Amino acid sequence: MKTQSPKRKRRRRLRIRPARFGCFIAVILAGAALLIWALQPEALRQEKNALHAWLFGLFHQDTYDADALLVTEPGSGAVWLSLREDQPQPPASLAKLFVAEYAATLAPLESTVPVSAEALALTKPGSSVAGIQAKDYTLENLFAAMLVPSGNDAAYAVADYCGGILSPQAAPGRERVQAFLSGLQEHLEKTGCRDTFLYDPSGFDEQSRTTALDLAAVTGRLMEQDWFRQMVSSAVYTARLPDGSTQSWQNTNAFLNPQSEYYDPHVAGVKTGSLEDGYNLVVLCRRQGRELLICSLGAQSDSSRYDNVKRLMEDLSQSSLLAG
């Protein structure tokens with residue numbers, strides 16, 4: 001008697017039709033491209049900020065009237081909020097942050113600077129000044145005069161002195177300032193601030209441009225220096241000049257002024273800047289044991305730039321995000 005061998009089950013081969021396979025690959029590539037785009041800083045920024053607001057009660061966009069915003073935590077590098085942070089904006093007097101950071105690489109703070117009359121003559125009418133005279137100052141004196149009262153005369157004096165270091169043959173005044181600006185532009189490129197272009201060391205011009213990202217970067221480097229932190233956190237700064245005299249300046253930052261309605265003891269600097277059509281503010285604040293850097297550019301008025309940042313700081317202080 002013959003035994004029958006069990007029948008083998010025939011395996012069905014999976015056939016992939018070329019048309020369906022092509023569609024599958026196209027969907028994957030489109031999804032990958034969408035993901036890469038969505039991860040870009042500006043992509044879906046409104047939706048991302050709305051999500052932050054829903055999750056943490058942050059950033060009321062209906063009351064924020066400026067053109068660009070960046071909130072970072074310098075210690076960790078974390079970005080908390082951003083709005084057009086890579087869009088070029090006029091820096092106004094915030095240009096002085098880049099000037100100070102570069103100049104500090106060219107000469108020691110204690111260097112004696114013989115301020116030239118040619119440099120002071122470059123100061124434009126109607127701009128903010130620190131009352132700098134054609135006599136000896138230290139470089140540190142001039143940094144304070146630039147950063148605290150935002151003296152444009154001090155910015156030209158610094159650029160003139162450092163331009164003479166870079167180009168000893170250059171004449172005092174415009175030639176030295178131009179030599180400094182050329183060196184500054186190379187420095188910006190090397191340090192990654194590639195979206196910043198400065199044509200006047202005081203920032204009192206319409207052509208210069210920077211971004212909130214570049215401002216956060218340069219401020220972060222400056223904050224590594226104790227002298228800078230001490231200067232920009234001072235409501236009033238008194239400088240002792242080489243001749244033994246003193247000169248005092250009031251800080252332009254209303255958050256530091258105890259007499260101002262905007263005074264906030266949690267604010268530790270940094271700098272204001274304004275032109276006729278835009279008001280800028282960079283603020284370092286301390287909340288729940290953390291330091292936060294806020295760069296707000298292009299507010300519609302002097303008061304609104306403070307209102308914008310004040311509201312942000314209040315929201316941040318109440319947010320569960322800080323408790324993480």
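As a basis for the values below, the full set of heavy atoms in this structure was taken, side chains included, without hydrogen atoms, waters or symmetry mates. Here the structure is a predicted model, which means the values were calculated and not measured.
Under a hydrophobic clustering in which Ile, Leu, Val, Met, Phe, Trp and Tyr are joined whenever their side-chain heavy atoms come within less than 4.5 Å, directly or via other members, M231 and L142 fall into the same cluster. Both W249 and V270 belong to a common hydrophobic cluster when Ile, Leu, Val, Met, Phe, Trp and Tyr are linked at side-chain heavy-atom distances under 4.5 angstrom. Criterion: ILVMFWY side-chain heavy atoms under 4.5 Å apart, direct or through other members. Under it, F197 and Y102 are not part of a common hydrophobic cluster. Under a hydrophobic clustering in which Ile, Leu, Val, Met, Phe, Trp and Tyr are joined whenever their side-chain heavy atoms come within less than 4.5 Å, directly or via other members, V129 and L122 fall into different clusters. Hydrophobic cluster membership is shared by L120 and L241, with clusters built from Ile, Leu, Val, Met, Phe, Trp and Tyr side chains linked at under 4.5 angstrom.
The minimum heavy-atom distance between A119 and D160, with the atom names listed, is CB-CB, 3.6 Å. For the residue pair A130 and D153, the shortest heavy atom distance occurs at N-OD1, 2.9 Å. Shown here for Y237 and S234, the closest heavy-atom pair between the two residues is CD1-OG, 4.0 Å. Residue L275 comes nearest to G203 through the heavy atom pair CD2-O, 4.1 Å, listed as atom of the first residue, atom of the second, then distance. In this structure, K124 and S127 approach most closely via the heavy-atom pair O-OG, 2.7 Å. Taking both residues in full, the closest heavy atoms of A145 and I132 are given as CB-CD1, 3.8 Å, listed atom of the first, atom of the second, then distance.
Remark: the N251 side chain and the N257 side chain contain no N/O donor-acceptor pair separated by less than 3.5 Å. Counting only N and O atoms by type, the side chains of T272 and T252 include a donor and acceptor under 3.5 Å apart. Counted by atom type alone, T211 and D195 present zero donor-acceptor pairs between their side chains at under 3.5 Å. In the model, S304 has no side-chain atom that pairs as donor or acceptor with a side-chain atom of D307 under 3.5 Å.
Between N152 and S93 there is a side-chain heavy-atom pair separated by less than 4.5 Å. Side-chain contact between V283 and L292: absent, with no pair of heavy atoms (C-beta onward) separated by less than 4.5 Å. Looking at heavy atoms from C-beta onward, L284 lies out of side-chain contact with T219 at the 4.5 angstrom threshold. In this structure the side chain of E101 never reaches within 4.5 angstrom of the side chain of Q225, judged on heavy atoms. Here the side chains of N280 and L215 are not in contact, with every heavy-atom distance at 4.5 Å or above. Taking the side chain as every heavy atom from C-beta outward, S296 and R305 never approach each other to under 4.5 Å. Side-chain contact check for E73 versus R290: some heavy-atom pair is nearer than 4.5 Å. Contact of the T138 side chain with the L109 side chain is not registered, since no non-hydrogen atoms from C-beta on lie closer than 4.5 Å.
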Criterion side chain to side chain donor-acceptor pair (under 3.5 Å) on D214 and T196, from CA distance to verdict: CA-CA 7 Å; D214 284 358; T196 297; 2.7 Å; yes

CA sep, side-chain torsions, deciding dist, call: Y262, S303, side chain to side chain contact (heavy atoms under 4.5 Å, CB included): CA-CA 9 Å; Y262 293 108; S303 59; 3.7 Å; yes

Could you walk me through whether L184 and L198 satisfy the side chain to side chain contact (heavy atoms under 4.5 Å, CB included) test, starting with their C-alpha distance in whole Å, then the side-chain angles of each, then the deciding distance to 0.1 Å, before giving a yes or no? CA-CA 8 Å; L184 173 58; L198 302 177; 3.7 Å; yes

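Exactly one residue among L281, L70, L69 makes a side-chain contact (heavy atoms from CB on, under 4.5 Å) with I294. That residue is L69. Among the candidates W227, Y161, F228, the single residue satisfying the ring pair (Phe, Tyr, Trp, His ring centres under 6.0 Å) test with F143 is W227.
More than 12 heavy-atom neighbours from other residues, nucleotides or ligands sit within 6.0 angstrom of CZ on R209. Within a 6.0 Å radius of CZ in R240, other residues, nucleotides and ligands contribute 12 heavy atoms or fewer.
In this view, F255 and Y306 satisfy the ring pair (Phe, Tyr, Trp, His ring centres under 6.0 Å) rule, not counting sequence neighbours.
Sorted by first and then second residue, the salt bridge (Lys or Arg N to Asp or Glu O under 4.0 Å) pairs with a member in residues 251-268 read D264-R287; sequence neighbours excluded.
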